[in-house]
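Structure, as C-alpha cells:
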Amino acid sequence: MMVVLADVEAAAQVIAGQADATPLVPSMLGPRLGGDLWLKLEICQPMGAFKLRGALNALAHLPEAAAGVTCCSTGNHGRAVAYGAKLRQIRAVICMSELVPQAKVDGIRALGAEVRIKGRSQDEAQLEATRLVQDEGLIDIPPFDDPHVIAGQGTIACEMLRARPDLDTLLIPLSGGGLAAGMAVAARALNPDIRLIGISMDRGAAMAASIKAGHPVAAREVASLADSLGGGIGLENKHSFALCRDLLDTVVLVSENEIYAAMQALYYEDRLIAEGACAVGIAALMAGKIAPSAQMGTVLTGRNLDMEQFTRVITGQDVRLDEITVKGAPYAP
Ligand SMILES: *Cc1c(COP(=O)(O)O)cnc(C)c1O
C-alpha cells in the first residue's frame with residue numbers, strides 16, 4: 001500500500017494547530033435517517049474546506065529550493081495551496097477551468113496567488129499546471145493524486161474515530177478520491193469492519209466509472225450543485241484510484257434533485273451552510289440509496305458556495321446548471 005496509517009499519523013503532526021480538530025457534531029437529521037449521523041465540520045477550517053490538510057502536508061515536504069508551487073483545482077484545493085504558500089512566503093499559481101464559481105476565484109486572488117483560467121475541464125487546467133512545471137520550475141501539488149495530500153486528508157478519519165470509536169459507517173464525498181483514499185486508509189486500519197461508502201453526483205462521476213471499468217476513465221465535466229465533486233481522476237492516476245477501488249465498500253451516485261433536497265435539510269434542520277458536495281451522503285440516505293446503520297459519520301467538506309445559487313436552493317427556486325434545470329421545491333420536512 002502506498003499510503004499507510006503511519007503516513008496519516010505523520011501528517012497529523014505536520015498540520016497540528018493549523019488545520020485540525022474541527023468539531024464532530026450530531027445531526028438533527030439522525031432520527032429521520034434511521035440512525036445517528038455525525039457531521040465532521042470541515043466547513044470550519046481556515047479557507048472553509050478540508051483541502052488545507054492535504055495542501056499543508058504536501059507543502060511541508062517541498063524540496064528546499066522550490067521556486068514556487070502550482071496546481072489545478074476546482075477551487076478549494078487552489079485556495080488551500082494559495083493559503084499555505086502565503087504562510088511560507090512562496091509563489092503560487094493556481095490553474096482552474098471556466099466551470100469554477102467566481103466566488104472561489106476571488107477568494108484565491110485575495111490571498112495573493114496568481115490565477116490562470118484555462119478551458120472547460122480540470123484536464124485542461126492541469127495541462128497549464130504541467131506547462132508551468134516545465135517552463136518556470138514550479139512544483140505541482142496535485143489536488144488528490146499525491147501521497148502527501150492523501151495522507152493529509154486521512155487525518156479527518158483519525159479525528160472522527162478517536163472522538164467516536166463506535167462509528168460503523170463513513171459516508172465520504174467522492175471526486176478525485178484524495179479524501180476517500182486517505183480516510184479509507186486510516187479508517188480501515190483503525191477498524192477493519194467499518195463500512196466505507198463513497199458518494200458522487202450521477203453526472204460525470206469519474207471515480208465511479210473508473211472503478212466499474214477497472215481502470216481510470218475520463219468523464220464529461222458538467223455544472224453541478226456539488227461543483228467541488230466535478231473533474232476527472234486523471235488517466236495516469238497513480239494513487240487515489242487504486243486506494244478507492246481496494247478500500248471502499250461501494251460507491252453510490254445521487255441526482256441533482258437529491259442533492260438539492262439534502263442541502264435544504266442540512267440548512268433547515270441543522271442550520272448549516274454547506275456546499276452541495278457536503279450533502280451527498282445525506283442525499284443518498286434520504287433517497288434510500290444507502291441502508292442506515294446505528295452510528296454513521298459524514299464530512300461536511302466545505303462551505304465555499306455561490307451564495308446566489310444557495311439562496312435559490314433554500315428558498316425553493318429552480319436552479320439552472322448549464323443545460324439542465326433542477327426543479328425547485330420548498331423544503332418539506
Ligand atoms: C475536493 C473536495 C471534495 C472531494 O475531494 P476528493 O479528494 O477530490 O475526492 C469534496 N468536497 C469539497 C468541498 C471539496 O473541495
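Whatever order the structure lists them in is the order used to number ligands and atoms, beginning at 1. Quick caveat, the model's predicted, so the values are computed rather than measured.
Screening residues 211-233 for ring pair (Phe, Tyr, Trp, His ring centres under 6.0 Å), with sequence neighbours left out, gives no hits. Pairs passing the ring pair (Phe, Tyr, Trp, His ring centres under 6.0 Å) check and including a residue from residues 60-88, sequence neighbours excluded, read H61-H148.
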Less than 3.5 Å apart, N/O on ligand 1 and N/O on the protein: could you list those pairs with the distances?
residue, atom, partner, partner atom, Å
ligand 1, 7 (O), G178, N, 2.9
ligand 1, 7 (O), L179, N, 2.9
ligand 1, 8 (O), G176, N, 3.0
ligand 1, 9 (O), S175, N, 2.8
ligand 1, 9 (O), G176, N, 3.3
ligand 1, 9 (O), G177, N, 2.8
ligand 1, 11 (N), T301, OG1, 2.7
ligand 1, 15 (O), K51, NZ, 2.7
ligand 1, 15 (O), N76, ND2, 2.8

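Hydrophobic cluster membership differs between L99 and I117, with clusters built from Ile, Leu, Val, Met, Phe, Trp and Tyr side chains linked at under 4.5 angstrom. Grouping the Ile, Leu, Val, Met, Phe, Trp and Tyr side chains by contacts below 4.5 angstrom, directly or via other members, places I108 apart from L132.
With sequence neighbours left out, S73 forms a side chain to side chain donor-acceptor pair (under 3.5 Å) with no residue at all.
Aromatic rings of Y331 and Y267 (six-membered ring for Trp) have centroids beyond the 6.0 Å cut-off, not under it.
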